[in-house]
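Here the structure is laid out as structure tokens; the discussion comes afterwards.
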2 protein chains.
Amino acid sequence: MKVTLKTIAQEAGLSITTVSRALAGYDDVNEATRQRVIAIAKRLGYQPNLAARHLRSKQTHTIGMVIPLTSYYSDPFFMELLSGVGRQAAEYGYDLLLSAQQPGEEELIAYRRMVASSRIDGVIVARVWKDDPRIALLREVQHPFVAFGRSNDGNYPHIDVDGLSGMLQLMRHLVERGHRRIALILSPANLVFTAVRYQGYVQGLAEAGLPLRQDYLVEADLSQEGGCAAAQHLLALPDPPTAIVACNDTMAIGALEAARARGLKVGRDIAVAGFDDIPLAAYTDPPLTTVRQPIYEIGRRALDMLIRVIRREPLQEPHVLITPELIVRQSTGGASPAGGQVRV
Amino acid sequence: MKVTLKTIAQEAGLSITTVSRALAGYDDVNEATRQRVIAIAKRLGYQPNLAARHLRSKQTHTIGMVIPLTSYYSDPFFMELLSGVGRQAAEYGYDLLLSAQQPGEEELIAYRRMVASSRIDGVIVARVWKDDPRIALLREVQHPFVAFGRSNDGNYPHIDVDGLSGMLQLMRHLVERGHRRIALILSPANLVFTAVRYQGYVQGLAEAGLPLRQDYLVEADLSQEGGCAAAQHLLALPDPPTAIVACNDTMAIGALEAARARGLKVGRDIAVAGFDDIPLAAYTDPPLTTVRQPIYEIGRRALDMLIRVIRREPLQEPHVLITPELIVRQSTGGASPAGGQVRV
DNA sequence: ACCTTATTCCAAAACGTTTTGGATGTCAAT
DNA sequence: ATTGACATCCAAAACGTTTTGGAATAAGGT
């Protein structure tokens with residue numbers, strides 16, 4: 001049998017109102033009565049019906065997140081972010097509602113459903129696109145949200161990593177190692193961070209007085225397979241690059257694969273670098289030089305911000321920009337400059 | 001402004017009932033009327049209030065999962081399972097409610113809250129304990145659930161991997177490679193799979209006519225640090241093992257670390273093996289020999305089963321037992337028997 | 001003209017909670 | 001005895017949906 005406020009009220013000989021208020025801690029109920037109510041509630045194992053509570057109070061204590069069903073396997077970026085968000089949500093007593101969706105139309109529908117069906121108090125948007133319709137939607141209906149990534153008009157609460165700075169650090173590292181022919185595997189053009197990282201790449205080339213070569217730019221879809229194919233293409237050029245930078249680690253791992261398949265020893269014959277520093281990056285063969293985005297931490301901070309937005313507290317810092325850290329590993333010749341000779 | 005059934009009803013000059021029934025597809029509403037209602041609903045961007053719907057219909061189309069907040073980083077096992085469950089849930093149009101909790105008392109409270117607050121239709125329980133109170137709870141209140149792992153009394157819908165068979169395959173592999181001194185890093189004793197894998201270890205020793213040595217058994221907490229400490233202890237023995245098997249990959253990775261720190265080359269000086277085949281296992285240095293649990297697939301199947309339980313359809317196979325596959329990599333000397341000489 | 005059957009609609013109840021706006025009783029001060 | 005202040009309680013409304021049990025009308029069969 002379901003135990004509701006009514007059950008307790010009958011048991012205690014009180015009204016539903018009083019039971020509700022006793023449990024909610026209002027001070028217009030006698031302390032002795034309250035204790036009695038609490039005791040009965042405990043004895044009966046009362047658990048409030050959250051659907052009813054949400055319906056009435058319009059607060060769900062739930063945060064929504066939509067994760068794209070990209071590949072067969074889980075996207076390490078999202079898993080990492082998810083665990084950061086989940087961790088911090090637990091801290092505040094919030095739960096997480098996830099909807100896994102095919103990217104595109106369905107994904108947008110999922111957002112619409114989430115925000116309009118009043119099942120969540122706020123939502124975290126990750127991997128922002130240019131002119132992101134999800135953000136347009138959330139702003140239009142004024143639903144609390146925090147984004148990981150800033151869109152064209154970044155005038156909403158967000159947290160982001162300075163991709164330009166990160167990519168620039170990486171380019172300087174490669175130039176210092178003697179590389180003159182550096183290729184870039186781009187992520188899809190509709191993602192905001194692609195443009196930013198590309199800018200870092202361009203700036204890095206300019207600083208070193210290197211030309212920007214169109215044939216050294218290939219776009220792929222963030223996946224390992226995509227990265228592998230892109231790298232194969234680059235390595236098959238008549239004048240192949242000595243270093244390949246990928247816009248995320250997963251594609252960089254694909255590039256490692258492509259290089260190995262071609263009989264090249266990464267770190268000696270060719271340099272490969274990624275972006276993100278997913279957990280796997282430290283364990284690839286050879287370990288991957290990359291730019292560390294503290295994704296887990298970002299998840300936690302994004303949730304902190306979101307809670308404030310939900311509570312309508314002012315954000316002391318509505319636009320957070322984190323400077324990422326370059327992590328040098330063996331895939332670009334290792335930490336010691338001695339490993340830096342490149343076959344040209 | 002919130003658009004509800006009432007809004008549509010007014011707009012269409014109909015009752016709330018008719019609008020509700022029109023949208024729900026009942027056949028006691030005129031087709032022309034239905035089309036009109038649908039058009040208005042679409043134009044107004046109607047989204048049903050799910051809290052209200054759940055309250056009334058007692059169906060939430062949501063699956064619950066509690067994930068333990070163990071270490072700072074995310075547990076790859078859970079992430080993998082989560083993505084399998086999430087993927088399949090999306091297939092059925094279900095969402096996922098996650099609650100991240102400290103293991104122990106709080107975790108049980110989270111389960112209690114989830115099931116009693118009628119916010120979810122069913123729950124997936126992972127990493128089952130002996131005499132698992134979560135399962136006791138779920139059975140007591142007769143709440144739909146499917147477990148990954150079987151408890152003492154496995155008389156409930158579950159899916160499991162045959163840990164005994166897996167461990168036995170691994171032991172045979174090591175024995176065949178010439179190992180006579182094989183140690184085991186145990187997972188916590190309250191986990192069911194610990195006992196099963198231990199049994200496989202014991203049986204493996206017996207088959208090879210090897211003694212069961214107490215000093216070759218160390219328990220650790222599933223974490224990388226725990227595995228590292230356990231391996232350090234084993235390697236410091238006066239008569240150290242030539243092979244170390246860990247009850248999961250994460251601990252095995254810790255063991256790799258410990259061996260490396262001691263100056264041993266894993267795969268030549270010592271063999272290390274794990275259990276799970278998490279994505280990382282293929283990328284460790286050297287790549288880890290392990291027993292593959294198809295966690296993602298298991299997540300999907302578990303969800304399939306759960307949906308059936310929720311719909312009160314009979315399960316054609318309430319207890320699924322999957323035979324895992326041995327994955328031989330370099331950490332035990334590689335695929336070729338030539339790599340199998342061990343320093344004894 | 002009358003009964004039956006189908007079709008199309010709806011009022012009202014119910015789900016379990018929170019909140020509003022008092023009601024009731026007590027006690028001290030006038 | 002009346003007033004005001006306070007402490008303690010509660011009836012009823014509201015949240016937005018689904019479902020029950022008809023009502024109203026039209027059509028068809030005698």
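No experiment lies behind these values; they were computed from the predicted model shown. A note on names: the letters A, B, ... follow the listed sequences, proteins ahead of strands, and every chain is numbered from 1.
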Grab the two heavy atoms, one from B:Ala126 and one from B:Leu81, that are nearest each other, plus how far apart they are. CB-CD2, 3.5 Å

Listed pairs, N/O of protein and of nucleotides 18-20 of chain C, under 3.5 Å:
residue: C:dT18; atom: OP1; partner: A:Arg53; partner atom: NE; Å: 3.1
residue: C:dT18; atom: OP1; partner: A:Arg53; partner atom: NH2; Å: 3.3
residue: C:dT18; atom: OP2; partner: A:Ser20; partner atom: OG; Å: 2.8
residue: C:dT18; atom: O2; partner: A:Arg56; partner atom: NH1; Å: 2.6
residue: C:dT19; atom: OP2; partner: A:Tyr26; partner atom: OH; Å: 2.8
residue: C:dT19; atom: O4'; partner: A:Arg56; partner atom: NH2; Å: 3.1
residue: C:dT19; atom: O4; partner: A:Thr17; partner atom: OG1; Å: 3.4

Measure from CD on B:Gln59 to P on C:dA14 and round the result to the nearest Å. 21 Å

Of the options C:dT17, D:dG16, C:dC9, whose atoms approach the side-chain atoms of B:Asn49 most closely? D:dG16

Send over the distance from A:His61 NE2 to C:dT17 C1', rounded to a whole Å. 15 Å

Could you tell me whether the side chain of A:Arg134 and the main chain of A:Glu107 form a donor-acceptor pair under 3.5 Å? no

Checking A:Asp95 against A:Thr62: is there a side-chain donor and acceptor pair closer than 3.5 Å? no

Just the rounded figure in Å: distance from C1' of C:dC10 to NZ of B:Lys6. 16 Å

Check the distance between D:dA7's P and A:Glu31's CD and give it to me in whole angstrom. 13 Å

So, the side chain of B:Ser99 versus the backbone of A:Ala90: is there a donor-acceptor pair under 3.5 Å, distance only? no

Check the distance between D:dG16's C1' and B:Leu23's CG and give it to me in whole angstrom. 13 Å

Nearest whole Å is fine: how far is C:dT26 P from A:Asp28 CG? 18 Å

Using atom CG of A:Asn30 as one end and atom C1' of C:dT26 as the other, report the distance to the nearest whole Å. 13 Å

Please give, in whole Å, the distance from C:dC9 P to B:Asp27 CG? 12 Å

Would you confirm whether the ring centroid of A:Phe145 sits within less than 6.0 angstrom of the ring centroid of A:Tyr111? no

State, to 0.1 Å, how close B:Leu137 and B:Arg112 come at their nearest heavy-atom pair, and which atoms those are. CD1-NH1, 3.6 Å

